[in-house]
There are 2 protein chains.
Amino acid sequence: MSLVNKSIYAILGILSIQPSTGYDIKRYSDKVLSGFWNENFGHIYPTLKKMIESGLIENVPGEVEDRKIKYAITEKGKGELKKWLSEEIQTPAVRSELMLKLLFGNDMSKEATIDMLSKQKDIHEENLIKYLTMQQELTCEGSQITAKRSVYYNAILRKGIINSAANIEWCEETIESLKKLKG
Amino acid sequence: MSLVNKSIYAILGILSIQPSTGYDIKRYSDKVLSGFWNENFGHIYPTLKKMIESGLIENVPGEVEDRKIKYAITEKGKGELKKWLSEEIQTPAVRSELMLKLLFGNDMSKEATIDMLSKQKDIHEENLIKYLTMQQELTCEGSQITAKRSVYYNAILRKGIINSAANIEWCEETIESLKKLKG
DNA sequence: CTAGAATATTTCACAGTGATATATATGTCA
DNA sequence: TGACATATATATCACTGTGAAATATTCTAG
């Protein structure tokens, strides 16, 4: 296990909605999955080739127009997606540069540290607004989304909101505790 | 910029505390940096070689005993560490398998989703306990740590605590909203 | 009609992961 | 003492994932 190309499942998921090109997949990752799933061309295209080889996806018949290459999920691909859903989630390796700087930033001035933290706070505040806006769009527009699906999508947005709020709270409290430090 | 070996700074930071072997660096990452910074041998050793070449670190003189290779930070390395501290933090690429499953888990049963979420909750609860324990050790032991340093270290632990609590809250609320969903 | 933005794919060097192989040193229980 | 497990220590491998750049076409606004 362990060393598995996770992009496969993101791609299968996207193609389970509708057939797409590699470019579409990248765009979907940037727009819809924005903030919780990153994809890039350097990985998407080679992965698509491997997925064709293993029969998880196929070229959309009759649509190989021009230079565009459109892919669709196969029955085998659907099975693989379902199988993955039932598997345990592997806890990902974390690398927080911020925490590293905080731990090793002994000779970083108090002011510089506070500055760093307030920049982080700004980022999380922007994210919070982004998620709240997306949530409003979800509820207001009464879009074609099903009730069940909207519960799941809302959960994702709530994750973004709760995490952003937690980060903001932490930044504020840490800035305060630094300000109290003399020196 | 952008494509930079971040392990360099973790290693410089660790070596700024005391000279260490590659193995020591890995152990420090697993014990002290546990939960917010991951390192592995496959990256540490090649990076150490590059760092020797660029003069950021050096072999500890007279200590090349047996097979152990001990490294120490150089003046150049100290300068590089300081420079990095003043640089902007790059927002890392995120890949949350949990969010992916939630978004594409249309044909995942409600029960399976709840099960997945409660497993995640368990993990975060364990983490929460871990961070709280570490915090107690920090305050009780009245260790040789300086007041300034303890504020920084406490901030790191608070980050773990606040994030874990936020995740637990989200898991609970999402499980509740799923339970209310009929079908 | 033309400059620039969006679409689309390929390629590259590099960062980072986790497993495994190898070998020595140390502690421990019979 | 010997045997056996565990800790120390380094090296190597195949693979995943990142971001930038090269290339070419198509769409769109001025």
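Values below: all heavy atoms of this structure, side chains included; hydrogens, waters and symmetry mates excluded. Every chain is numbered from 1 and lettered A, B, ... according to where its sequence line falls, protein lines coming before strand lines.
- Using modelled atom types and a 3.5 Å distance limit, the side chains of A:Asp24 and A:Thr21 yield a donor-acceptor pair.
- Regarding contacts with the backbone of C:dG16, every side-chain N or O of B:Asn38 stays at 4.0 angstrom or more from both OP1 and OP2.
- In this structure, the CD1 atom of B:Ile44 is 10 Å from the P atom of D:dT10, given to the nearest Å.
- For the pair B:Leu15/B:Tyr71, a side-chain contact is recorded, criterion being any heavy-atom separation below 4.5 Å from C-beta on.
- Set against C:dT7, C:dA15, D:dA9, the side chain of B:Lys68 has D:dA9 as its closest nucleotide.
- The phosphate of C:dT7 has neither OP1 nor OP2 within less than 4.0 Å of any side-chain N or O from A:Thr21.
- Here the C1' atom of nucleotide C:dA6 and the CG atom of A:Asp30 are 13 Å apart, to the nearest Å.
- The nearest heavy atom of DNA chain D to A:Asn40 and to B:Gly22 marks one nucleotide each, and the one closer to the 5' end goes with B:Gly22.
- A:Trp37 has its CH2 atom 7 Å from the P atom of D:dG17, to the nearest Å.
- Both B:Lys50 and A:Thr91 lie close to DNA chain C; mapped to their nearest nucleotides by heavy-atom distance, the more 5′-ward contact belongs to B:Lys50.
- Contact annotation for A:Thr47: no contact, since no heavy-atom pair falls under 4.0 Å across all strands.
- Residue A:Ile8 contributes atom CD1, which lies 13 Å from atom C1' of D:dG17 at whole-angstrom precision.
- Nucleotide C:dT17 holds its P atom 10 Å from the CG atom of B:Asn5, rounded to whole Å.
- In this structure the side chain of B:Tyr153 never reaches within 4.5 angstrom of the side chain of B:Arg158, judged on heavy atoms.
- Proximity of B:Leu117 to B:Glu172: side-chain heavy atoms (C-beta onward) are nowhere separated by under 4.5 Å.
- At whole-Å resolution of the value, CZ in B:Arg95 and P in D:dT16 are 11 Å apart.
- Taking atom OH of residue B:Tyr23 and atom P of nucleotide D:dT6, one finds them 13 Å apart after rounding to whole Å.
- Of the side-chain N and O atoms in A:Tyr45, one or more sit less than 4.0 angstrom from OP1 or OP2 of C:dT9.
- Residues B:Glu53 and B:Lys50 are not paired through a salt bridge, judged by the lack of any N-O separation under 4.0 Å between the basic side chain and the carboxylate.
- Take the nearest nucleotide of DNA chain D for B:Lys49 and for B:Val94: the residue whose nucleotide is more 5' is B:Lys49.
- Rounded to an integer number of Å, the gap from CD of A:Glu39 to C1' of D:dG19 is 13 Å.
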